[in-house]
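Reviewing the structure listed below.
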Amino acid sequence: MQQREDFLLKAYELGIIKFGNFTLKSGIESPFYVDLRPLSSSPQLLKTLANNLLELVEKSPFELICGVPYAALPMGTTMSLASGIPLIIKRKENKGYGTKRMVEGVYADGQNCLLVEDVITSGQSLLETIDEIEREGLKVTDIVVVLDREQGGIQKLKAKGYTVHTLFTINEAVDILHKYHRLNDAELVRIKNFLNNPPAPPEIKRLALEQKKIKHPVGKRLIEIALKKQSNLIASADVITSAELLKLAEEVGPHIVALKLHMDIIQDFSFELIDALKKIAREKEFLLFEDRKFGDIGNTQELQFKEGIYKIASWADMITSHVIAGEESLKVFENVGVVAIVEMSSKGTLTDDFYITKALNVAENASNVMGAVAQRKISDDLLLFTPGVNISSAGDAKGQQYNTPERVCKNYHTDFIIVGRGIYQSADAAESAKEYQTKGWNAYLESLG
Ligand code: 5BU
């Protein structure tokens with residue numbers, strides 16, 4: 001007991017808990033702030049902490065240790081050095097090419113991995129990490145946490161069958177600091193009051209789509225449709241005849257916010273098709289999204305956008321474009337919402353972290369870009385669109401890789417899911433569009449915590 005208290009007092013001197021007035025990420029005003037990262041500046045304290053944590057999990061059956069990036073990485077490393085149990089490292093970013101392994105180190109299928117976390121709040125980020133680790137074939141049964149902020153995270157993990165070991169709860173930590181006069185009576189009352197009656201986050205934080213700072217009129221319209229229809233589904237209509245396309249548009253129309261098209265795969269293209277599509281889009285309230293994936297110099301893109309057989313500029317509400325030719329090349333897309341391709345879904349794609357950073361920079365600087373295609377949360381200022389979504393398949397034989405709506409909404413914080421074959425190849429397109437709509441929207445609401 002004394003040893004735990006000593007540890008906490010020394011850690012407090014390092015600045016891991018601060019008292020005052022702080023605005024948390026959720027928008028809540030908190031009387032304290034916790035940040036365990038300064039612990040790495042004291043190797044001695046880090047060792048004491050590692051020993052304390054190892055004691056807590058003495059009887060747990062783990063064969064590997066993994067610290068949740070980044071704050072718990074040094075904690076996991078120190079526990080590994082002290083116990084002789086190997087460490088694995090969970091990537092936060094992926095390399096985007098090659099094996100795309102999210103967990104580095106030597107491990108075998110079915111091995112049990114202990115997760116180490118610094119602070120647990122809602123439990124959401126831990127659940128995301130567990131999901132990534134389990135996808136690599138590893139087993140997670142136990143989690144050890146330094147500080148529990150007592151905001152429901154532990155209950156959430158327990159409900160899913162995980163055993164959580166905690167060194168301190170925030171109430172215990174505050175009591176110890178009060179006992180040793182690091183906190184006066186008035187401060188203690190204020191903090192206990194906050195912990196016993198946690199304020200609800202400001203209402204505006206409820207719907208991520210509503211708070212996105214999207215200025216582009218097409219982006220605003222898309223959000224409006226999503227909120228009205230309770231849908232974040234975009235159906236990808238990769239069929240090859242006008243008749244199939246119109247039938248699909250009618251069937252999925254009520255469930256989608258936009259219909260994504262590859263107009264150049266239609267064998268019998270005509271402007272009658274465009275007129276009929278526009279009519280359905282108006283009636284069923286969705287946008288027309290031409291997935292043209294432009295990728296040339298501005299002048300050529302302008303010709304491809306406005307001229308040729310398809311005259312995309314005359315009917316598309318939204319288009320996709322690569323940003324490989326740079327910012328200037330995007331200026332030619334007038335009166336349309338541009339969705340920049342920042343990261344692709346296919347195996348072996350060249351869109352690694354360096355590409356993503358640079359592509360995002362181009363996208364964010366172009367005023368006609370309203371969103372980006374990517375497989376992860378990338379920006380608060382752009383809408384995020386994620387293709388490669390399918391409930392019943394993990395991929396195809398041509399490099400496509402699939403995730404479920406749950407995974408892309410909860411782990412990648414996607415705004416809009418894009419589903420092609422999952423809908424148009426199903427026996428009943430309307431029914432499966434409805435299923436993807438429900439699954440996508442529920443997962444989106446859950447992702448807001
Ligand atoms: P699918 O049938 O659900 O695999 O169709 C996915 C659609 O999304 C298809 O039209 C692709 O061209 C499009 N797509 C994609 O799958 N991955 C990407 O990275 C990009 C677009 Br960008």
Side-chain angles (χ1 to χ4, degrees), residues 1-25 28-58 60 65-83 85 87 89 114-123 125-126 129 142-154 157 164-196 198:
M1 190 64 190
Q2 187 59 41
Q3 198 203 1
R4 269 174 88 237
E5 292 187 347
D6 274 355
F7 166 78
L8 186 71
L9 293 174
K10 288 196 182 120
Y12 176 73
E13 300 308 327
L14 270 183
I16 64 149
I17 303 185
K18 291 193 167 72
F19 301 107
N21 293 306
F22 304 92
T23 306
L24 304 180
K25 222 162 59 181
I28 292 177
E29 294 291 326
S30 168
F32 62 88
Y33 181 77
V34 180
D35 176 9
L36 299 197
R37 277 169 299 193
L39 280 174
S40 302
S41 304
S42 167
Q44 197 48 50
L45 267 188
L46 205 52
K47 273 194 216 168
T48 311
L49 173 64
N51 289 331
N52 278 325
L53 296 178
L54 284 168
E55 251 174 56
L56 283 180
V57 292
E58 235 168 24
S60 306
I65 297 178
C66 176
V68 176
Y70 289 106
L73 272 179
M75 298 173 189
T77 310
T78 316
M79 288 170 75
S80 167
L81 291 172
S83 63
I85 297 172
L87 184 82
I89 299 172
L114 173 76
L115 281 192
V116 187
E117 177 67 301
D118 60 337
V119 179
I120 179 166
T121 309
S122 71
S125 67
L126 253 176
T129 306
D142 290 68
I143 298 141
V144 66
V145 175
V146 182
L147 187 88
D148 172 15
R149 284 190 66 124
E150 297 178 285
Q151 281 170 244
I154 302 270
L157 288 160
V164 189
H165 311 263
T166 318
L167 192 57
F168 299 101
T169 63
I170 184 72
N171 266 295
E172 278 169 346
V174 165
D175 285 339
I176 295 170
L177 294 173
H178 177 246
K179 178 173 152 194
Y180 290 96
H181 306 285
R182 302 311 198 265
L183 200 60
N184 67 32
D185 292 351
E187 281 172 316
L188 181 74
V189 170
R190 192 164 86 94
I191 291 163
K192 289 277 170 168
N193 220 348
F194 173 86
L195 291 173
N196 293 334

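All heavy atoms count here, side chains included; hydrogens, waters and symmetry mates do not. From a predicted model like this one, the values you see are computed outputs, not experimental measurements.
Counting only distance, with no hydrogens or angles, the side chain of Glu150 and the backbone of Asn171 share a donor-acceptor pair below 3.5 Å. Thr78 places a side-chain N or O within donor-acceptor distance of the main-chain N or O of Pro74, the cut-off being under 3.5 Å. Distance alone, capped at 3.5 Å, places no donor-acceptor pair between the Arg182 side chain and the Val174 backbone. Side-chain atoms of Ser80 come within 3.5 Å of backbone atoms of Ile85 as a donor-acceptor pair (strictly under, hydrogens ignored). The backbone N or O of Asp35 sits nowhere less than 3.5 Å from a side-chain atom of Arg37 that would complete a donor-acceptor pair.
What you find for Leu177 and Leu8 is that their closest heavy atoms are CG-CD2, 4.2 Å. Here the closest non-hydrogen pair linking Gly67 and Leu73 is O-CD2, 3.7 Å. The heavy-atom pair separating Thr166 from Phe168 by the smallest distance is CG2-O, 3.2 Å.
The CG atom of Asn52 sits 14.5 Å away from atom NE2 of His165, with the distance rounded to the nearest 0.5 Å. For the atom pair OG1 of Thr169 and CG of Asp175, the computed distance is 8.0 Å after rounding to the nearest 0.5 Å.
With sequence neighbours excluded, no residue satisfies side-chain hydrogen bond (donor to acceptor under 3.5 Å, both in side chains) with Glu187.
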Identify each donor-acceptor pair in which a side-chain atom of residues 41-49 lies under 3.5 Å from a protein atom, sequence neighbours left out, and give them as a table.
unit_1: Ser41; atom_1: OG; unit_2: Pro38; atom_2: O; d: 3.4
unit_1: Ser42; atom_1: OG; unit_2: Leu45; atom_2: N; d: 3.1
unit_1: Thr48; atom_1: OG1; unit_2: Gln44; atom_2: O; d: 3.0

